[in-house]
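Below is one structure, written out as structure tokens, with a few remarks after it.
Any value given below was found using the heavy atoms of this structure, including those in side chains, with hydrogens, waters and symmetry copies removed. In this text the structure is predicted, and so the values were computed from the model without any measurement. Just so you know, ligand 1 is whichever comes first in the structure, and atom 1 is the first atom listed for that ligand.
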Amino acid sequence: MKHYLVLNMKAYQTSGADIQKTFKKIATLQAEHKINTIVCPPMPMIGIAGQVLPKRKTLQLGAQDAYYENEGAYTGMSTPALLQSLKASHVILGHSERRALGETNADVNKKIHAVLKTGMTPIVCVGEKTRDDAGNYLQALREQIVETFAHVSREQFSQLMIAYEPVWAIGKNAVRSATPDEAVEMALYIRKVLHDACNVVDHADVTILYGGSVHSGNAQSFISQQQIDGLLVGRASVDAKELPGIFSAFK
Ligand code: PGA
């Protein structure tokens with residue numbers, strides 16, 4: 001099975017030199033382990049990443065977000081057309097840290113359509129904020145999925161990836177990571193919603209990643225699950241001590 005490792009460098013590093021060191025580390029590990037890796041650098045470094053990352057089919061460049069228009073009077077926005085011309089092939093969309101700044105399901109939906117139009121691959125984040133004993137979070141997640149993927153066609157679901165990222169498991173203030181069992185259960189649930197509400201016939205075709213406090217000590221427990229096609233890693237992706245263990249988890 002094809003596995004993916006998405007490295008979301010967020011905005012953890014603030015010097016270009018440090019970021020380039022991380023690129024080097026990732027490129028070395030990627031050459032050694034040959035994992036399908038998508039590096040998502042801080043946005044201002046994406047052009048440089050496109051120039052300095054070695055050209056390999058299995059080492060690709062991703063943006064951390066994109067706007068839904070391709071060009072025009074949009075101060076501060078990164079457009080899909082520009083990102084693509086800077087060699088990005090993937091774009092993370094609907095990350096919970098962007099949703100927390102006010103991005104709605106409808107915004108994410110417009111971005112998905114815009115990115116699909118360019119031929120780049122959207123990596124769309126979904127996940128519940130909290131859990132409750134009554135299981136209401138499942139209905140909330142279903143609504144998020146249905147609105148986020150409105151008018152995405154059956155074929156288009158095979159041209160994107162979904163990252164299940166429970167918000168409570170993300171970042172250094174996370175309660176904990178999800179357990180592998182929880183991640184599997186939710187991947188199955190997402191596939192069921194895609195089948196029941198989004199017109200997806202063969203939901204096994206959809207790529208589902210897990211993200212939320214993945215580190216060298218737990219990566220293997222997720223990636224060894226059949227339902228999980230890869231990992232989306234945040235803070236550990238800029239940690240030179242964590243990266244080797246994450247790469248070697250994909251055996
Ligand atoms: P984390 O972030 O690995 O730092 O929890 C994951 C993410 O936000 O994608």
Side-chain angles (χ1 to χ4, degrees), residues 3-14 18-19 22 25-26 29 35-43 45-46 49 60-66 88 90-103 105 107-108 111-112 115 121-131 141 144-145 148 160-180 182-183 186-187 190 207-223 225 228-250:
H3 279 137
Y4 298 90
L5 173 60
V6 180
L7 298 171
N8 179 8
M9 295 171 67
K10 304 195 183 181
Y12 284 118
Q13 294 175 299
T14 55
D18 286 349
I19 292 167
T22 303
K25 180 87 193 163
I26 292 169
L29 287 164
I35 313 303
N36 290 296
T37 304
I38 298 142
V39 185
C40 306
M43 214 59 125
M45 291 294 282
I46 199 148
Q60 292 178 291
L61 182 60
Q64 295 182 12
D65 185 36
H90 291 69
V91 185
I92 296 173
L93 294 174
H95 192 281
S96 61
E97 286 151 14
R98 300 214 53 90
R99 291 180 187 265
L101 296 173
E103 189 162 290
N105 293 334
D107 295 329
V108 182
K111 292 178 173 190
I112 293 172
V115 169
T121 304
I123 302 168
V124 185
C125 302
V126 298
E128 74 281 6
K129 279 198 194 117
T130 52
R131 290 201 167 188
L141 179 60
Q144 187 189 51
I145 293 171
T148 297
L160 54 78
M161 300 182 190
I162 297 178
Y164 169 60
E165 297 215 308
V167 182
W168 51 266
I170 295 177
K172 62 177 186 310
N173 298 323
V175 188
R176 57 175 175 86
S177 72
T179 63
E182 285 167 333
M186 295 307 280
I190 291 168
T207 300
I208 300 189
L209 316 175
Y210 169 75
S213 296
V214 172
H215 53 76
S216 58
N218 65 10
Q220 206 265 336
S221 67
F222 292 109
I223 204 64
Q225 308 292 330
I228 301 188
D229 304 310
L231 301 174
L232 200 166
V233 178
R235 61 198 184 281
S237 64
V238 296
D239 186 334
K241 287 198 208 86
E242 283 293 311
L243 280 168
I246 291 173
F247 272 91
S248 49
F250 287 74

Next item on the list: Decide yes or no for Leu61 and Pro41: does some side-chain heavy atom of the first lie under 4.5 Å from some side-chain heavy atom of the second?
Entry: yes
For [atom], what's the nearest protein heavy atom and its distance?
atom	answer
atom 1 (P) of ligand 1	Arg235 NH1, 3.2 Å
atom 9 (O) of ligand 1	Glu165 OE2, 2.7 Å
atom 6 (C) of ligand 1	Gly234 N, 3.7 Å

Under 4.0 Å from a heavy atom of [X]: which atoms of ligand 1 are those, numbered in the order shown and with their elements?
X	value
His95	7 (C), 8 (O), 9 (O)
Gly212	5 (O)
Leu232	9 (O)

Notebook entry, point to check: Among pairs that include at least one residue of residues 166-177, which meet salt bridge (Lys or Arg N to Asp or Glu O under 4.0 Å), considering only residues two or more places apart or in two chains?
Noted result: Arg176-Glu182
Does [X] reach ligand 1, in the sense of a heavy atom lying below 4.0 Å from it?
X	result
Lys10	yes
Lys172	no
Ala236	no
Ser213	yes

Notebook entry, point to check: Distance from Ile38 atom CD1 to Asn8 atom CG, nearest 0.5 Å?
Noted result: 11.5 Å
Margin query: Can you tell me how far apart OG (Ser177) and CD1 (Ile170) are? Round to the nearest 0.5 Å.
Written below: 11.5 Å
Do the side chain of [X] and the main chain of [Y] share a donor and acceptor less than 3.5 angstrom apart?
X	Y	value
Asn36	His3	yes
Gln144	Gly127	yes
Glu242	Ser216	yes

Next item on the list: For ligand 1, find out whether one of its N or O atoms is nearer than 3.5 Å to an N or O atom of Gly171.
Entry: yes
Item checked: ligand 1 N/O within reach of Val233 N/O, cut-off under 3.5 Å -> no
Check: Does any donor atom in the side chain of Gln13 or Thr22 lie under 3.5 Å from an acceptor atom in the other side chain?
Finding: yes
